[in-house]
Amino acid sequence: MTPKSSTSEFPTADYYDRLRHSVAHIMADAVLQRYPGTKLGVGPTIENGFYYDFQVDNPFTPDDLIEIEKSMQKIIDLDLAFESRAVPRSEAISLLQDQPFKKEIVNDLDQEEEITFYRHGKFDDLCEGPHLQSTGQVPSFKLLSTAGAYWRGDEQRPMLQRIYGTAWESSDQLDSYLQNLEEAQKRDHRKLGRQLDLFSVQDETGPGLILWHPKGARIRTIIEDYMRQEHYSRGYELVYTPHVGKAKLWETSGHLDYYRELMYASMNIEGQEYFLKPMNCPFHIMVYETSKRSYRDLPIRLAELGTVYRYERTGVLHGLMRVRGFTQDDAHIFCRPDQIHEEIIKVLSFTFDLFKTFGFNEFDLMVSTRPKKFVGSVENWDLATESLKTAIEEFQIPYGIDEGGGAFYGPKIDIQIRDAIGRSWQCTTVQFDFNLPDRFDLSYVGSDGQTHRPYMVHRALLGSVERFFGVLLEHYAGSLPLWLAPTQVVIIPIADRHLEYVEKLANDLGKALIRTHIDQRNERMNLKIREAQAQKVPYMLIIGDKEIESNTVSIRQRDGAQLDPMPSEEFLSRVVAEIALRGGNATES
RNA sequence: GCCCACAUAGCUCAGCAGGUAGAGCACGUUCUUGGUAAGAACGAGGUCAUCGGUUCAAGUCCGAUUGUGGGCUCCA
């Protein structure tokens, strides 16, 4: 990069804030010019862009956007100065006579707060600022999409029409941003799911309900087997519990009182009411309760890949990321107060190990503390919250605090992972529960011979297997690491006469548990390579006369790279070693 | 659930002043046995999401339903 002169303006966060704020104003100006009488909502900057909400008679069409862009360009060409001024409250109200939403904002401002307006040309708007000096300083922008958005995010209030846009310091920057958007679309897990034949969601089956195809199921099985193995080796016990349970269970747990809108309608079995499970906790608790527990038994860690069903409104469903039936890598830890600290550390360590294995190295942690309405004692909450914080601190990872953001039943840690193109995904949640142990009257006998209430920690590390699978696909853009690839090796014989040899080779690889496929079709090698590569198979072995004669394999990787031919035994042991490593690096591309 | 858009062959998409459908890939058959990202020919495939309306006539216009996408809200 060439050094810039010290006078030139680097695109800082502050610069982008002013730029995008200014463009939002220019857009509002253009909208008002084209549709007089439009009521303005809010127009903040967001990551990579901005939006503005409008109440208009007719929702915007894509053509409208093009026209609005043109008007905006005219305003930019006029190079109108942005002028700010402080305005007394009473004057602000009168200036906003025709802007009910803006007026509402002013009325909600603290009395002491200074009210500022920003004006360019004839457009005058309530705004905190800051802005650029003039409209002419906008180098590049583009309107992207429209959407309905409730005023102040409240379903009870009017729905406004929102226009999203983006703005950058140069048209090159804009172009590369638009290219990034395209790249994100290319690695959309729904698209990859179809291309790689991994899963589908079908009309006939129902929205938000996933059908796992053989290849997707194969990957899922590998993930799940790995998870089970890790749980056993870390002192968890696996359990299986039913998909339905009697109404009484969900009454005791409180789900019918507090969670009902997310549960499906009941079914009647022999006069008894049953519900599909939205969570696994009550079942795990029932397992805990099957015998009298001693303090010596604790901690008890019950884990299950438990499939739960939750009613989600149709509008929120999204591929594998948001579904109606999903499988949690769920576990409930029952322990004594003196064990909490260590248990949380173990959970976090487990989490970080897992994500590293799957190729994720960046995390955002958030501790949510006691809300206004809560159950349990303040002492328990404090101890639990403290144990969460100190556990994280042992890992020397920065974390945020969501004061009062905990659920009514306990504090929690939420962990988001960042993928190869920098997006965050909510996966892990570690939650204390001071509610269910009371409701189910859980107990253990302490060393003092008295009955005590155990602590209960609810945790899901990957979160939902479905969602995690989607994240994994997008992270790797479909090119899953060798150990996860549904097909690890494709053998491509050049001609029919090579088939016999190739079958023997495949047999050897198969014995070493390498997932191998022979492409026996009557097609040319080029086509087979093309398709294997499109299917993102890690290794292609090209076998012809040369290879048979020298007893070697010719290896092509899915990125097009070519390895030196090597004896087939050598290839086999290399692959076996690579699988055992469970390595994988996602590409930034 | 709400706002907007979309819904044509397994997939990606074309079609239109309203006159009963088209391409590429995939699939089948045949020819071809070919050295690192598409060999060729032929063939089969669609009551144009569903239901209803307007019309002599609807994939094309209108309405409803279902589903999908972008958002809002919510969340694993």
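In what follows, every heavy atom counts, from backbone to side chain, and hydrogens, waters and symmetry copies are set aside. Sequence lines set the chain letters: A, B, ... in the order given, protein chains first and strands last, and positions in each chain run from 1.
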Engineer: Determine whether the aromatic ring of A:Tyr164 stacks with the base of B:G71, defined as ring centroids separated by less than 5.5 Å and ring planes inclined by less than 30°.
Structural biologist: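 No, A:Tyr164 does not stack on the base of B:G71, since the centre distance and plane angle fail the 5.5 Å and 30° test.
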Engineer: Do the side-chain N or O atoms of A:Arg497 get closer than 4.0 angstrom to the phosphate oxygens (OP1, OP2) of B:U33?
Structural biologist: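 Checking B:U33 against A:Arg497, no side-chain N or O comes under 4.0 Å of OP1 or OP2.
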Engineer: Hunt down the Watson-Crick or G-U wobble partner of B:G67, both distances under 3.5 Å, from any strand shown, or write none.
Structural biologist: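 Answer to the pairing question: B:C6, which forms a Watson-Crick or G-U pair with B:G67.
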Engineer: If B:G1 has a Watson-Crick or G-U wobble mate with both distances under 3.5 Å, name it; if not, just say none.
Structural biologist: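 Looking at the geometry, B:G1 pairs with B:C72.
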Engineer: For B:G1 and A:Thr314 - does any side-chain N or O of the residue sit under 4.0 Å from the phosphate oxygens OP1/OP2?
Structural biologist: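 Yes, such a contact exists.
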Engineer: With a cut-off of under 6.0 Å to the ring centre and 45° to the axis, is A:Arg220 in cation-pi contact with A:Trp212?
Structural biologist: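 Checked: cation-pi criterion met.
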Engineer: Can you tell me, in whole Å, how much space there is between the C1' of B:C72 and that of B:A37?
Structural biologist: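 Nearest-Å result for B:C72 against B:A37 at atom C1': 43 Å.
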Engineer: State whether a side-chain donor-acceptor pair under 3.5 Å links A:Gln535 with A:Lys215.
Structural biologist: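 A:Gln535 vs A:Lys215: donor-acceptor pair found between side chains.
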Engineer: Kindly state whether the ring of A:Phe432 and the ring of A:Tyr409 have centres lying under 6.0 angstrom apart.
Structural biologist: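 Not under 6.0 Å, so no.
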Engineer: Using a cut-off of 4.0 Å on non-hydrogen atoms, how would the nucleic acid contact of A:Gly315 be classed: base, sugar-phosphate, or nothing?
Structural biologist: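 Contact class for A:Gly315: base.
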Engineer: Could you tell me whether a side-chain N or O of A:Arg228 sits under 3.5 Å from a main-chain N or O of A:Glu304, the two making a donor and an acceptor?
Structural biologist: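 Such a contact is absent between A:Arg228 side chain and A:Glu304 backbone.
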Engineer: Out of B:G34, B:G67, B:G35, which nucleotide sits closest to the side chain of A:Glu547?
Structural biologist: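 The closest nucleotide is B:G35.
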Engineer: Indicate whether any N or O donor in one side chain lies under 3.5 Å from an N or O acceptor in the other, for A:His458 and A:Asp433.
Structural biologist: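 No - no donor-acceptor pair under 3.5 Å links their side chains.
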Engineer: Taking only N and O in the side chain of A:Arg190, is any of them less than 4.0 Å away from OP1 or OP2 of B:G69?
Structural biologist: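 A:Arg190 to B:G69 OP1/OP2: side-chain N or O found under 4.0 Å.
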Engineer: Less than 4.0 angstrom between a side-chain N/O of A:His318 and OP1 or OP2 of B:G70, yes or no?
Structural biologist: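 True: A:His318 side-chain N/O within range (under 4.0 Å) of B:G70 OP1/OP2.
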Engineer: Determine if the base of B:G71 is syn or anti; take syn to mean the glycosidic torsion is within 90° of 0.
Structural biologist: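 Anti conformation here, the glycosidic angle of B:G71 being more than 90° from 0.
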Engineer: When you measure from the side chain of A:Val316, which nucleotide among B:G69, B:U36, B:U73 comes out closest?
Structural biologist: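 Side chain of A:Val316 sits closest to B:U73.
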Engineer: Is there a Watson-Crick or G-U wobble partner for B:G52 with both distances under 3.5 Å, and which nucleotide is it?
Structural biologist: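 Partner of B:G52: B:C62.
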Engineer: Counting any heavy atom closer than 4.0 Å, what does A:Asn526 reach on the DNA or RNA strands: base, sugar-phosphate only, or nothing?
Structural biologist: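 Sugar-phosphate, backbone atoms only, no base.
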Engineer: Is the shortest side-chain N/O distance from A:Arg194 to OP1 or OP2 of B:U12 below 4.0 Å?
Structural biologist: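 Result: yes.
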Engineer: Mind checking if A:Lys546 touches a base, just sugar-phosphate, or nothing, with heavy atoms under 4.0 Å?
Structural biologist: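 The residue A:Lys546 makes base contact.
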Engineer: If you check the A:Arg467 side chain, which of B:C72, B:G35, B:C75 turns out closest?
Structural biologist: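 Side chain of A:Arg467 sits closest to B:C75.
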Engineer: Going by purine N1 to pyrimidine N3 plus the second Watson-Crick contact, or the G-U wobble pair, all under 3.5 Å, which nucleotide sits opposite B:A37?
Structural biologist: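 B:A37 is unpaired by these criteria.
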Engineer: Please give the distance between the C1' atoms of B:G46 and B:G10 as a whole number of Å.
Structural biologist: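 So the two C1' atoms sit 12 Å from each other.
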Engineer: Which part of the nucleic acid, if any, lies within contact of A:Gln533, taking any heavy atom under 4.0 Å across all strands shown: a base, the sugar-phosphate backbone alone, or nothing?
Structural biologist: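 Base contact.
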